Amino acid sequence: MAQNAEELFSQARTAAFEQKQYPLAKRLAKAALQKSPNYYDIRIFLGRIYAWEKQADSARREFDLVLQQKADIEDAYVAYANLEFWNDNSERALLLSNQGLGYFPSSVELAILKAKFLNDLKKWTEANQVISDVLVKYPTQADVRALAIRIRENIFSNRIGVNYTFVSFDKQFDDPWYLTSLDYSRQTSLGSLIGRVNYANRFNENGIQFEVDAYPRLSNTFMAYVSGGYSPNLGVFPQSRAGFSLYANLPKSMEAEAGFRYLQFSDNTWIYTASLGKYYKSYWFNLRTYLTPSSGQLSQSFAFTTRYYVGGTDDFLSLVLSTGLSPDDQRNIVLINASAYKLQSTGLTLGYRRSINSFHIINFKASWTNQEYRKDTRGNAFELGVGYIRRF
């Protein structure tokens with residue numbers, strides 16, 4: 001019995017999506033089009049397969065045929081714009097998304113694509129306006145929020161920040177610790193560059209540390225973190241530190257990181273880290289681990305972070321549950337090398353971050369840590385912190 005176009009289209013989708021047999025899917029789609037030449041969904045599907053197989057000219061031919069015959073098909077603009085973006089033609093992709101929005105001004109998918117293309121073209125102010133409008137209408141769209149955060153990091157070229165932290169102890173130390181940092185961030189064509197000066201009073205001693213962080217963009221998917229620091233005041237800070245990570249923006253509003261941290265005290269400490277993050281509606285979840293090999297042992301620390309966004313990308317409440325010591329935490333970094341025995345700790349941190357007119361950001365945090373400072377001997381540490389960021 002001869003099959004109709006709908007049956008052939010169903011078989012083509014099965015071949016493509018379930019069996020990953022793209023040549024078979026193309027043959028079935030072409031057979032379906034012979035029976036129904038104006039079945040636009042099939043032609044768009046065929047164009048997508050050509051795009052997946054990196055046959056860009058063939059994909060363009062199919063999308064052009066659709067839009068020449070019927071210009072108001074949203075999926076055609078989505079598929080065509082993605083094709084051009086994947087082929088490093090963001091200007092053409094932007095034009096197609098704008099054409100599609102002319103017919104479908106309420107299309108969330110086309111608006112997200114437009115913001116993505118504007119961001120790639122470094123038109124960050126326009127990209128921020130587009131994605132902010134979508135975020136107001138759809139505050140629980142995880143992919144929208146993830147993109148909005150990336151765009152917001154690009155929109156302002158300069159940023160100055162100051163943070164102050166007070167830490168007190170019930171047993172471990174008689175005197176509290178005071179930590180202050182001042183940083184300047186500059187957004188460049190390659191990524192952001194940050195210079196930072198840290199001051200601390202610990203163990204009744206003053207110390208200063210100089211740091212430089214860089215976040216170079218490697219592609220639309222990958223970004224790196226490169227960091228280095230030096231202090232002349234060993235004990236209050238590690239004498240030197242360094243770090244490297246590779247970040248990846250993954251499908252389904254996920255992100256991943258893997259890298260290392262290096263600390264130089266009286267000897268060298270290497271720490272390896274990995275994390276996995278996920279945006280879900282108005283939430284962001286992140287699980288991170290630090291692995292420190294030493295003397296044939298492997299110490300582990302974990303941190304689970306949750307953010308609940310109450311407004312824009314800079315407005316959220318946060319909760320961090322942690323075990324072990326983190327080399328990225330200025331509060332207790334000097335305790336990592338304090339003992340050959342791997343000290344244990346359990347902590348909880350609450351935070352709040354709020355933006356004012358996009359240019360001003362304030363943040364507060366409070367934390368409690370139950371810290372093992374000698375084997376089988378524990379004490380509590382209490383931390384209060386406040387920070388301010390000025391963008392310009």
Side-chain angles (χ1 to χ4, degrees), residues 40-41 44 48 63 67 70-86 90-156 187 220-221 249-255 277-286 305-319 351-363 389 391:
Y40 301 119
D41 287 346
I44 294 169
R48 288 184 187 275
F63 296 143
L67 293 176
K70 188 172 175 57
D72 58 343
I73 298 181
E74 180 181 355
D75 201 35
Y77 290 104
V78 171
Y80 205 166
N82 272 317
L83 168 71
E84 297 298 348
F85 181 64
W86 296 336
S90 293
E91 290 281 4
R92 174 66 175 157
L94 178 61
L95 176 63
L96 287 162
S97 65
N98 279 328
Q99 289 175 350
L101 285 166
Y103 290 100
F104 306 96
S106 299
S107 172
V108 176
E109 191 167 10
L110 284 170
I112 294 172
L113 289 177
K114 179 178 179 177
K116 183 189 297 185
F117 305 150
L118 287 167
N119 183 58
D120 188 61
L121 292 166
K122 298 181 175 57
K123 298 180 179 181
W124 294 314
T125 300
E126 296 175 60
N128 183 63
Q129 183 61 57
V130 173
I131 204 65
S132 295
D133 290 344
V134 177
L135 194 58
V136 169
K137 297 176 183 176
Y138 304 95
T140 60
Q141 284 268 42
D143 53 345
V144 175
R145 190 171 297 281
L147 177 59
I149 288 172
R150 293 198 296 273
I151 292 172
R152 180 57 65 90
E153 290 301 315
N154 291 327
I155 189 172
F156 294 101
Q187 188 68 43
N220 290 322
T221 301
N249 295 313
L250 304 177
K252 300 186 182 298
S253 304
M254 298 185 69
E255 55 191 24
K278 166 71 175 177
Y279 288 93
Y280 175 73
K281 295 185 177 180
S282 295
Y283 293 88
W284 177 70
F285 303 101
N286 182 273
T305 302
T306 301
R307 291 178 185 170
Y308 174 66
Y309 289 89
V310 295
T313 56
D314 292 309
D315 304 292
F316 58 80
L317 299 166
S318 64
L319 168 67
Y352 176 64
R353 180 170 167 132
R354 174 73 177 177
S355 66
I356 304 171
N357 298 328
S358 297
F359 296 98
H360 307 273
I361 301 172
I362 54 174
N363 61 79
I389 297 170
R391 288 172 165 152

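Quick caveat, the model's predicted, so the values are computed rather than measured.
- Evaluation of the salt bridge (Lys or Arg N to Asp or Glu O under 4.0 Å) rule for Asp133 yields no partner, not counting sequence neighbours.
- Evaluation of the side chain to side chain donor-acceptor pair (under 3.5 Å) rule for Thr305 yields no partner, not counting sequence neighbours.
- More than 12 heavy atoms of other residues, nucleotides or ligands lie within 6.0 Å of CZ in Phe285, so this atom counts as buried by the packing criterion.
- We find the CG-CG distance between Leu113 and Leu96 to be 10.5 Å, quoted to the nearest 0.5 Å.
- The minimum heavy-atom distance between Ala142 and Ser253, with the atom names listed, is C-OG, 3.5 Å.
- Of the possible donor and acceptor atoms, one in the side chain of Ser97 sits under 3.5 Å from a partner among the backbone N and O of Leu94.
- Sorted by first then second residue, the salt bridge (Lys or Arg N to Asp or Glu O under 4.0 Å) pairs that include residues 106-119, not counting sequence neighbours, number zero.
- Separating the NZ atom in Lys252 from the CG atom in Asp143 is a distance of 11.0 Å, to the nearest 0.5 Å.
- Scanning all heavy atoms of the two residues, the minimum distance from Tyr103 to Gln99 falls at CD1-O, 3.4 Å.
- Heavy atoms from other residues, nucleotides or ligands lying under 6.0 Å from CZ of Phe104 number more than 12.
- Put simply, the side chain of Trp124 does not reach to within 4.5 Å of the side chain of Phe156, judged on heavy atoms.
- To the nearest 0.5 Å, the span separating CD1 on Ile131 from CG on Asn119 amounts to 9.5 Å.
- With sequence neighbours excluded, no residue satisfies side chain to side chain contact (heavy atoms under 4.5 Å, CB included) with Lys137.
- Atom CG of residue Asn154 and atom CD1 of residue Ile149 lie 12.5 Å apart, to the nearest 0.5 angstrom.
- Between Ala115 and Ala127, the shortest heavy-atom distance links the atoms O-CB, 3.6 Å.
- Under the rule for a salt bridge (Lys or Arg N to Asp or Glu O under 4.0 Å), Arg150 has no partner lying at least two apart in sequence or in another chain.
- Between Val310 and Tyr308, the closest side-chain pair of non-hydrogen atoms falls below 4.5 Å.
- Taking all atoms of both residues into account, the shortest heavy-atom contact from Pro139 to Ser282 is O-OG, 3.4 Å.
- Judged by a 6.0 Å distance limit and a 45° cone about the ring axis, Arg145 is not positioned over the six-membered ring of Tyr279.
- When side chains are defined from C-beta on, Ile362 does not count as touching His360, because their heavy atoms never get closer than 4.5 Å.
- The two residues Gly312 and Leu135 make their nearest non-hydrogen contact at CA-CD2, 4.5 Å.
- Between Arg354 and Asp315 there is a side-chain heavy-atom pair separated by less than 4.5 Å.
- Residues Asn128 and Arg152 have side chains in contact (heavy-atom distance under 4.5 Å, counting atoms from C-beta outward).
- Atom CZ of Phe63 sits about 9.0 Å away from atom CG of Asn82, to the nearest 0.5 Å.
- Contact annotation: the side chain of Tyr77 approaches that of Leu67 to within less than 4.5 Å [non-hydrogen atoms, C-beta and beyond].
- With values rounded to the nearest 0.5 angstrom, Ile151 atom CD1 is found 9.5 Å from Thr313 atom OG1.
- Aromatic ring centres of Phe117 and Phe85 lie closer together than 6.0 Å.
- A 4.5 Å side-chain heavy-atom check between Arg391 and Gln187 finds every atom pair outside the cut-off.
- With a 6.0 Å cutoff to the six-membered ring centre and a 45° limit on the axis angle, Arg92 counts as a cation-pi contact of Tyr80.
- A search for salt bridge (Lys or Arg N to Asp or Glu O under 4.0 Å) contacts involving Asp120 returns nothing, not counting sequence neighbours.
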